[in-house]
Each structure stands twice: as structure tokens, then as C-alpha cells.
Amino acid sequence: AAEKSLRHEWRKREKDRFYAVTLMEGAWPRRRRRKQSETLGHLLGLERDALLLIERLEAEPSLAGHATNAMRARRALRKYCGTLRKRADKLGSQLHSAGV
């Protein structure tokens, strides 16, 4: 739960950074960095949404129609979250090392 909260805080910081960049328009160094920041926020948002859906399916398996379906859906969502996490971590690392 703590890690999920930290990742959500990271997402909010990235969204703030993206909005600041948008407001600065041409004053921001490069368009590519703006796009990367937007992509990072999007990846973190998708991860959060998937994690929230996992929680819903754990609390209410009937949402998937059957407990077995809920289990399969949670498994698929966890795999999807892992993919999103890797992509977000890699992009975040690139942005951080570029000084963004």
C-alpha cells in the first residue's frame, strides 16, 4: 500500500510538471521532453487505474461475473501493471538522468 501511494504521488508530481511545461510553452527546452513527461504521467495513471480495478475485483469478485473470472482478470491486470511499471520506471530514470 505504501508503494502504491508513493507511485501515485510520483504521478501527481509528473502531472504538475507537465502542466507547468504546458503553461511555459516555448520556454521549455524541448518538445521531446514535454512528450516524455506527458507519457510518464499517462503510464503512471494507467497503472493506478489498473491497481484500483484489482482492488475492486478483490472486494467484489461478482463484478467479473464469477470468482474464477475475477481471479483471471486480477492476474491479467497484475501482469499489465508490471509492464506499465517497467515502462514508467525506465522513462522516469531517463528523465531524471537528463535533468528534467
Side-chain angles (χ1 to χ4, degrees):
E3 183 178 352
K4 184 169 43 173
S5 178
L6 289 173
R7 292 187 74 80
H8 182 57
E9 290 302 317
W10 182 23
R11 175 181 179 240
K12 291 193 299 188
R13 285 192 310 274
E14 288 304 321
K15 284 177 69 174
D16 288 346
R17 180 191 324 261
F18 175 71
Y19 292 134
V21 167
T22 302
L23 291 172
M24 292 172 54
E25 294 182 10
W28 189 255
R30 293 190 324 209
R31 173 171 280 192
R32 181 172 180 232
R33 286 186 185 172
R34 286 194 305 261
K35 184 63 179 166
Q36 287 175 325
S37 182
E38 181 181 18
T39 299
L40 179 56
H42 182 70
L43 289 170
L44 291 168
L46 289 174
E47 179 187 2
R48 175 145 175 90
D49 291 347
L51 290 169
L52 291 173
L53 184 52
I54 290 169
E55 285 180 5
R56 283 287 305 272
L57 288 170
E58 287 172 346
E60 299 177 61
S62 63
L63 290 173
H66 188 275
T68 303
N69 293 342
M71 182 183 66
R72 287 181 185 143
R74 289 192 312 265
R75 187 180 316 130
L77 285 165
R78 283 189 188 98
K79 184 176 179 182
Y80 178 60
C81 283
T83 300
L84 293 170
R85 175 182 300 271
K86 287 176 189 173
R87 288 180 60 199
D89 289 352
K90 181 179 178 182
L91 184 54
S93 177
Q94 291 170 353
L95 287 171
H96 179 68
S97 62
V100 177

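Note that the coordinates shown come from a computational prediction; the quantities given were computed from them, not determined experimentally. Numbering of residues begins at 1 and proceeds along the displayed sequence.
Remark: Arg78 CZ to Arg85 CZ distance equals 12.5 Å, nearest 0.5 Å. Atom OG of Ser62 and atom CG of Asn69 lie 11.5 Å apart (nearest 0.5 Å). Atom-to-atom distance recorded for Glu58:CD and Arg74:CZ is 5.5 Å, nearest 0.5 angstrom. Going from atom CE of Met71 over to atom NE2 of His66 covers 10.0 Å, rounded to the nearest 0.5 Å.
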message = Applying side chain to side chain contact (heavy atoms under 4.5 Å, CB included) to Tyr80 and Ile54, what does each step give before you reach the verdict?
response = CA-CA 11 Å; Tyr80 178 60; Ile54 290 169; over 6 Å; no
Q | Worked check of side chain to side chain contact (heavy atoms under 4.5 Å, CB included) between Gln94 and Lys90 | A | CA-CA 6 Å; Gln94 291 170 353; Lys90 181 179 178 182; 3.6 Å; yes
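At a threshold of 4.0 Å, the pair Glu14-Arg11 does not count as salt-bridged, since none of the basic side-chain nitrogens sits closer than that to a carboxylate oxygen. Classification of Arg56 and Glu60 as a salt-bridged pair holds, one side-chain N sitting under 4.0 Å from a carboxylate O.
What you find for Ala67 and Pro61 is that their closest heavy atoms are CA-CB, 4.3 Å. Of all the heavy atoms in Ala50 and Leu77, the pair that sits closest is CB-CD2, 4.1 Å.
Side-chain contact between Arg48 and Leu52 is present, with at least one heavy-atom pair separated by less than 4.5 Å. Here the side chains of Lys79 and Arg75 are not in contact, with every heavy-atom distance at 4.5 Å or above.
With respect to His42, the side-chain contact (heavy atoms from CB on, under 4.5 Å) criterion is satisfied by exactly one of Leu44, Leu40, Leu46: Leu46.
Judged by distance alone, with hydrogens and angles left aside, the side-chain atoms of Thr39 form a donor-acceptor pair with the main-chain N or O of Lys35 at under 3.5 Å.
Criterion: ILVMFWY side-chain heavy atoms under 4.5 Å apart, direct or through other members. Under it, Leu84 and Leu51 are not part of a common hydrophobic cluster.
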